[in-house]
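Input: a single structure, listed below in structure tokens.
Read the numbers this way: they start at 1 and go in the same order the structure lists the ligands and their atoms. Everything numeric here is computed off the predicted structure, so don't read it as measured data.
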Amino acid sequence: MMEKTARAAEPATERGLQRCIDPACGATYGLRERIYVCSRCGGTLEIDLGLAALRDSGAMRKLWAARAASRDPRNVSGVWRYRELLPFNEPVPFVTLFEGNTPLYHGPRSAQYCGLDDLRLKHQGCNPTGSFKDTGMTAAVTQAVVLGARTVICASTGNTSASLAAYAGRAGLQAAVLLPKGQITAGKLAQSLDYGALVCEIDGNFDDCMRLIQELGDDPSIYVANSINPFRIEGQKTVAFEMMEQCLWQVPDHVVVPGGNMVNSTALAKGFQELLDLGLISHVPKLSVIQAEGSAPVARLFASLDPREWANGERLPDTMAPVEKPRTLATAIKIGAPVSWKKGLRAVLRSGGKVIAVSEQEIADAKAMIGRDGIGCEPASAATVAGMKKLVAVGHIRRDDSVIGVLTGHMLKDPDYVSHYHRGTLSIDSSAKDGSVTPQRIAGAFRNAPESVAATKAAILESLKRRR
Ligand code: F0G
């Protein structure tokens, strides 16, 4: 584990390269080039590991299983345990908080709510900083150390920043986080402060913060840890490996994730594809992405595509119209111009999944239903279950399909939302054409408001009886 900033020794050969995802360009770059987009065409980059050299997949399965019982820090991490498939040369100056190792729960009430026989929920909110970001951040901050960077930076709706701040703290690096002022939950903001990051509250929304990051990325003293950084995807793809181990290598029919920047779909698809290339699985699951209605540029684009023309994701639309003023109480996915939309959309199209949007009411009720299963997630994560219900209703998912939903963040990231829902005071501002703003109430179909109960045994028993 890294306690101090360090620079790894130069490796003899690099394990893989960075490649532009646009097939018409295909430019490649070394793993040590500090680059976030293709310098030839401006396209998105991904890492190509050249997996052909790693064909002994049976041995790899056994090795990973054995490591799960080991106490070596590299094996305790649910990311570094799969290091054969990560683009780092030994010795890796790895920065870890022992991320990954998240539970895969059955959610019987959520399943019934969606119209499914069974539903499993992979709770990425059980990571060290309470969100899925940690699996990618361990890789990105490790790469920052490999490159000898002193300062790491990101724009965030709150979870990336919490994660970056924590991992930078572990590595002894300076961290700066750009947050849209007044739009981050108190819990997430508190994390970045406590982990010692410079917190820059920007007058604007997440997309404005992201634009600033793209400018700051030119500064050689700064390493950008947003998801445009392909090393983030490398760490995050291990979620697919861990999920398949937990499923005893039986591929589910569907995997469903919430969508903001479209990184979950990108990373999971890459992970599944690598397992397929290695012969560890027989096919890949259908990947679907669920956005919040008020922040759903990719769902809108997806709905406009003719499936016969775009079915396999070989060709992608050149542009996507952003949502100028994204709106949702699921603040984690309040994003109008997702930076990874092309990679994420390609993943969905290749797998035969869908991108759809759900309403604020649908998210809120799905969240409460997940809670009834004893599983606490933040609002953005609940879009997953809300979307599954819709995908079952339209017949894309069948009742007896095997389905896994990814829950991306912990409930305690946003307890104010939960409290308002159960007390019946949850609302979102809605602006009319004349510019006037009115609060739109979100009714809690599964409300569970606290009761004032007299301090007597009889009163408590009476309250319990009423609820039976
Ligand atoms: N769920 C949660 C809890 C998130 O924090 C985010 C993104 C998403 C879903 C969307 O994920 O990019 O895979 O579509 N949060 C970023 C942040 C933007 O800054 O914390 P995606």
Side-chain angles (χ1 to χ4, degrees), residues 122-127 129-137 140 153-166 177-180 183-185 187-189 191-192 197 199 202 205-207 209-210 213 224-229 232-233 235-237 239 255-270 287-292 295-299 326 328-345 347-348 355 357-358 363 367 370 376-387 405-414 417:
K122 174 90 175 134
H123 200 346
Q124 293 301 97
C126 295
N127 269 293
T129 74
S131 86
F132 73 99
K133 303 289 180 180
D134 296 344
T135 54
M137 205 53 83
I153 193 165
C154 73
S156 182
T157 57
N159 280 328
T160 305
S161 44
S163 185
L164 177 64
V177 300
L178 310 192
L179 307 178
Q183 297 180 45
I184 304 296
T185 71
K188 295 178 188 178
L189 185 56
Q191 287 181 291
S192 286
V199 174
I202 305 293
N205 60 24
F206 170 80
D207 301 310
C209 296
M210 206 54 223
I213 285 289
V224 173
N226 272 106
S227 51
I228 44 169
N229 180 324
R232 281 267 308 277
I233 310 297
Q236 211 181 313
K237 76 184 181 189
V239 178
V255 174
V256 183
V257 298
N261 270 326
M262 302 287 287
V263 179
N264 275 286
S265 47
T266 303
L268 281 165
K270 190 164 194 289
L287 264 174
S288 290
V289 177
I290 318 298
Q291 298 201 289
S295 309
V298 192
T328 173
L329 293 175
T331 51
I333 50 173
K334 192 173 169 189
I335 297 171
V339 284
S340 298
W341 71 268
K342 266 197 180 179
K343 279 202 269 191
L345 180 61
V348 171
V355 189
V358 289
I363 292 174
K367 212 196 91 53
I370 298 165
C377 69
E378 67 167 286
S381 310
T384 305
V385 168
V406 175
L407 302 178
T408 44
H410 199 279
M411 194 252 280
L412 295 176
K413 289 277 191 176
D414 193 359
Y417 178 103

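Of the protein's non-hydrogen atoms, T160 OG1, 3.0 Å is the one closest to atom 17 (C) of ligand 1. Protein heavy atom at the shortest distance from atom 18 (C) of ligand 1 is T157 OG1, 3.4 Å. When hydrogens are left out, the protein atom nearest atom 13 (O) of ligand 1 is N264 N, 2.6 Å; that is the closest non-hydrogen contact.
Listed by atom number, the atoms of ligand 1 under 4.0 Å from N261 heavy atoms are 12 (O), 14 (O), 18 (C), 21 (P). In the vicinity of I335, heavy-atom distances shorter than 4.0 Å reach the ligand 1 atoms 18 (C). Heavy-atom contacts of E378 reach the following atoms of ligand 1: 3 (C) (cutoff under 4.0 Å). Atoms of ligand 1 lying under 4.0 Å from at least one heavy atom of G259, given by number and element, are 14 (O). Ligand 1 places these atoms under 4.0 Å from at least one heavy atom of S156: 17 (C), 19 (O), 20 (O). Applying the 4.0 Å criterion to heavy atoms of V263 picks out, from ligand 1, the atoms 12 (O), 13 (O), 14 (O), 21 (P). Heavy-atom proximity to N159, at under 4.0 Å, picks out these atoms of ligand 1: 2 (C), 3 (C), 4 (C), 5 (O), 20 (O). For ligand 1, the atoms sitting less than 4.0 Å from at least one non-hydrogen atom of A332 are 2 (C), 3 (C), 4 (C), 5 (O), 6 (C), 7 (C), 15 (N), 18 (C), numbered in the order shown with element in parentheses.
At a heavy-atom distance under 4.0 Å, only side-chain atoms of I333, from C-beta outward, approach ligand 1. Of the heavy atoms in A380, only side-chain atoms (C-beta onward) come closer than 4.0 Å to ligand 1.
Side chain to side chain, K334 and T328 fail the donor-acceptor criterion of an N or O pair below 3.5 Å. Side-chain atoms of N261 and S340 include no donor-acceptor pair closer than 3.5 Å. Residues Q191 and K413 have side chains that bring a donor and an acceptor to within less than 3.5 angstrom of each other. Side chains of N264 and Q236: a donor-acceptor N/O pair is present below 3.5 angstrom, by distance only.
Compare K133, M210, M262 by their heavy atoms: the one nearest to atom 15 (N) of ligand 1 is in K133.
For a threshold of 3.5 Å applied to N or O pairs, the pair formed by T408 and ligand 1 contains at least one separation below that value.
Just one of T185, N159, T408 meets the side chain to side chain donor-acceptor pair (under 3.5 Å) condition when paired with E378; it is N159.
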